[in-house]
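Each remark here refers to the structure printed beneath this line.
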Number of protein chains: 2
Amino acid sequence: MDSPATLAVLDRAEILCRARGVRLTAQRRRVLAILCDSPRPLGAYEILDTMREGSRPLAPPTVYRALDFLLEQGLVHKLVSLHAFVGCNHPEHPHSSQFLICNACGEVTEIEDEAIDRSLGSAASVSGFRPQRRVVEVIGTCAGCSQKGR
Amino acid sequence: MDSPATLAVLDRAEILCRARGVRLTAQRRRVLAILCDSPRPLGAYEILDTMREGSRPLAPPTVYRALDFLLEQGLVHKLVSLHAFVGCNHPEHPHSSQFLICNACGEVTEIEDEAIDRSLGSAASVSGFRPQRRVVEVIGTCAGCSQKGR
DNA sequence: CGCGAGACGTTATATTGTATCCAACCGTTC
DNA sequence: GAACGGTTGGATACAATATAACGTCTCGCG
């Protein structure tokens, strides 16, 4: 386990946390590694099952605490429409992401589209609304799956 | 209960369902009425509690089934980030809505912004992605609450 | 009326997420 | 190095959200 790509993410995460004065502990690192290794989003209990393999039993709060930390640090994202989590591609800068979720293959693509951000922002400001967090999840079929399905 | 506005929604829902050849049964009507009467989104179990008042006991599936129907017909929307439901303002035409959710007062505003729709659509089509359902929820503070908070 | 599909009641259970309390660890200070 | 204080983690229990499964009833239709 822990592909080269995952190791790279872990290294960057380590550096980020150090710079921010927070601790990327073993548990948190493990959760992040599991998420990065997975080709698709994982539920908290799937992460839990993975962590339990060959190790002693763990309880849900352990995973949720690690996830809370990683979410705060922007190292992972939560997909509310799936009740699942994914590692973040580019945690270096804070960002509000958008997700394309394929309901055929389960793949999730994180995009960061200026135009969406801008239109959301201006739609909100019309009503005097001050956005804090944005949830943008588009469910559909990815390019690959919509070709197959035809 | 059942304000004039709610009654109007119920009437329109009745007409819509009749036109579509589906049945707006008593349970479904009741759930829709409860949602329309509420100034803020309600969880399934809050709806359940309301329905139980002064009546015989009901079980969760009853509410979830009614909600599934109403969602299919576009008469209510689900706010995934709140695990809650709201009545729809304009069920006449199918639409993908966006929501502004105030985390101070709990109020939710449904907006229907062309620009957001367009930018989402074009961002998806760049990757060859075919959207089916869109989840757009902006959490923040509404105009009223951000004034008070200052 | 009698039939069939859809709707509903009921029980049980799955899934996701938290509260709480205490023990272990870690870095700091003396 | 020992005492201390804050963060982290373990463990138990539980809350909140949602669904499976199955039998019964009802409604609209022929």
Side-chain angles (χ1 to χ4, degrees), chain A residues 13-14 17-18 20-35 38 40-73 75-86 106 135 137, chain B residues 13-14 17-35 38 40-53 55-73 75-86 106 135 137:
Chain A
E14 195 83 61
C17 287
R18 198 172 305 264
R20 293 176 186 167
V22 296
R23 287 155 57 191
L24 185 64
T25 63
Q27 301 275 33
R28 295 166 176 176
R29 205 182 147 85
R30 181 109 176 76
V31 170
L32 180 56
I34 289 169
L35 281 177
S38 166
R40 60 200 68 229
L42 296 178
Y45 281 72
E46 290 180 290
I47 298 170
L48 189 53
D49 289 342
T50 308
M51 291 179 77
R52 278 167 170 164
E53 279 166 17
S55 167
R56 61 197 165 123
L58 284 180
T62 298
V63 170
Y64 280 103
R65 282 192 285 235
L67 285 171
D68 285 345
F69 172 86
L70 296 169
L71 286 169
E72 267 169 28
Q73 299 303 320
L75 295 167
V76 307
H77 294 297
K78 174 165 191 176
L79 302 169
V80 283
S81 59
L82 298 180
H83 300 287
F85 303 84
V86 286
V135 174
E137 298 176 17
Chain B
E14 196 81 62
C17 287
R18 199 171 303 263
R20 292 176 187 168
V22 295
R23 286 155 59 191
L24 185 63
T25 63
Q27 301 275 33
R28 294 166 176 174
R29 205 182 147 88
R30 181 110 176 77
V31 170
L32 180 56
I34 290 169
L35 281 177
S38 166
R40 61 200 66 229
L42 296 177
Y45 280 72
E46 291 180 289
I47 298 171
L48 189 54
D49 289 343
T50 307
M51 291 179 76
R52 277 167 171 164
E53 279 166 17
S55 166
R56 63 198 163 122
L58 284 180
T62 298
V63 170
Y64 281 103
R65 282 193 285 234
L67 286 170
D68 285 345
F69 171 85
L70 296 169
L71 286 169
E72 267 170 28
Q73 299 303 320
L75 295 167
V76 308
H77 293 295
K78 175 167 190 173
L79 302 169
V80 284
S81 59
L82 298 180
H83 300 287
F85 303 84
V86 286
V135 174
E137 298 176 17

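Every chain is numbered from 1 and lettered A, B, ... according to where its sequence line falls, protein lines coming before strand lines. Only a predicted model underlies this, so the values are computations on that prediction, with no experimental measurement involved.
Of the candidates C:dT18, D:dA20, D:dG10, the closest approach to any side-chain atom of A:Q27 belongs to D:dG10. The side chain of A:Y45 lies closest to C:dG17 when the candidates are C:dT10, D:dG9, C:dG17. With C:dC8, D:dA18, D:dG10 as the choices, the nucleotide that has an atom nearest any side-chain atom of B:F85 turns out to be D:dA18. Closest approach to the A:T25 side chain among D:dA11, C:dT10, D:dG9 is made by D:dG9 (side chain taken as heavy atoms from C-beta onward).
The interatomic distance linking A:L24 (CG) with D:dG9 (C1') rounds to 15 Å, in whole Å. One atom, CE of A:M51, and another, C1' of D:dA11, lie 15 Å apart when rounded to the nearest Å. Note: CZ (B:R29) to P (C:dA7) measures 17 Å, nearest angstrom. For the pair A:L70 CG and D:dG9 C1', the interatomic distance rounds to 15 Å; values are reported in whole Å. Atom CG in A:L82 sits roughly 11 Å away from atom P in C:dT16 (whole-Å rounding). The nearest whole Å value for the distance from the OH atom in B:Y64 to the C1' atom in C:dT15 is 11 Å. Rounding to whole angstrom units, CG of residue A:L42 and P of C:dT16 are separated by 11 Å. Whole-Å rounding puts the B:R30 CZ to C:dC8 P distance at 14 Å.
Residue-level contact check: B:P61 touches the bases, meaning some heavy atom is under 4.0 Å from a base atom.
A donor-acceptor pair is defined here as one N or O able to donate and one able to accept, closer than 3.5 Å; no such pair exists between the side chain of A:R30 and the backbone of A:M51. Using a distance-only test at 3.5 Å, with no hydrogens or angles considered, a donor-acceptor pair links the side chain of B:R52 to the main chain of B:L58. At least one donor-acceptor pair under 3.5 Å links the side chain of B:E137 to the backbone N or O of B:V80.
Under the 30°/60° scheme for interplanar angles, the aromatic rings of A:Y64 and A:Y45 are found to stand perpendicular.
Salt-bridge annotation for A:D68 and A:R65: absent, with no side-chain N of the basic residue lying under 4.0 Å from a carboxylate O of the acidic one.
At D:dA16, none of the side-chain N or O atoms of B:H83 fall inside 4.0 Å of OP1 or OP2 (strictly under the cut-off). Contact annotation: A:R23 does not reach the phosphate of C:dC26 (side-chain N/O to OP1 or OP2, under 4.0 Å). Residue B:T62 has a polar side-chain atom (N or O) positioned under 4.0 Å from OP1 or OP2 of C:dG9. The side chain of A:R56 places an N or O atom within less than 4.0 Å of a non-bridging phosphate oxygen (OP1 or OP2) of D:dG10. In terms of phosphate contacts, A:K78 brings no side-chain nitrogen or oxygen within less than 4.0 Å of OP1 or OP2 of C:dT16. Between A:R28 and D:dT8 there is a side-chain N or O to OP1 or OP2 distance below 4.0 Å.
Along DNA chain C, the nucleotide closest to A:R65 and the one closest to A:E46 are compared, and the more 5′ of them pairs with A:E46.
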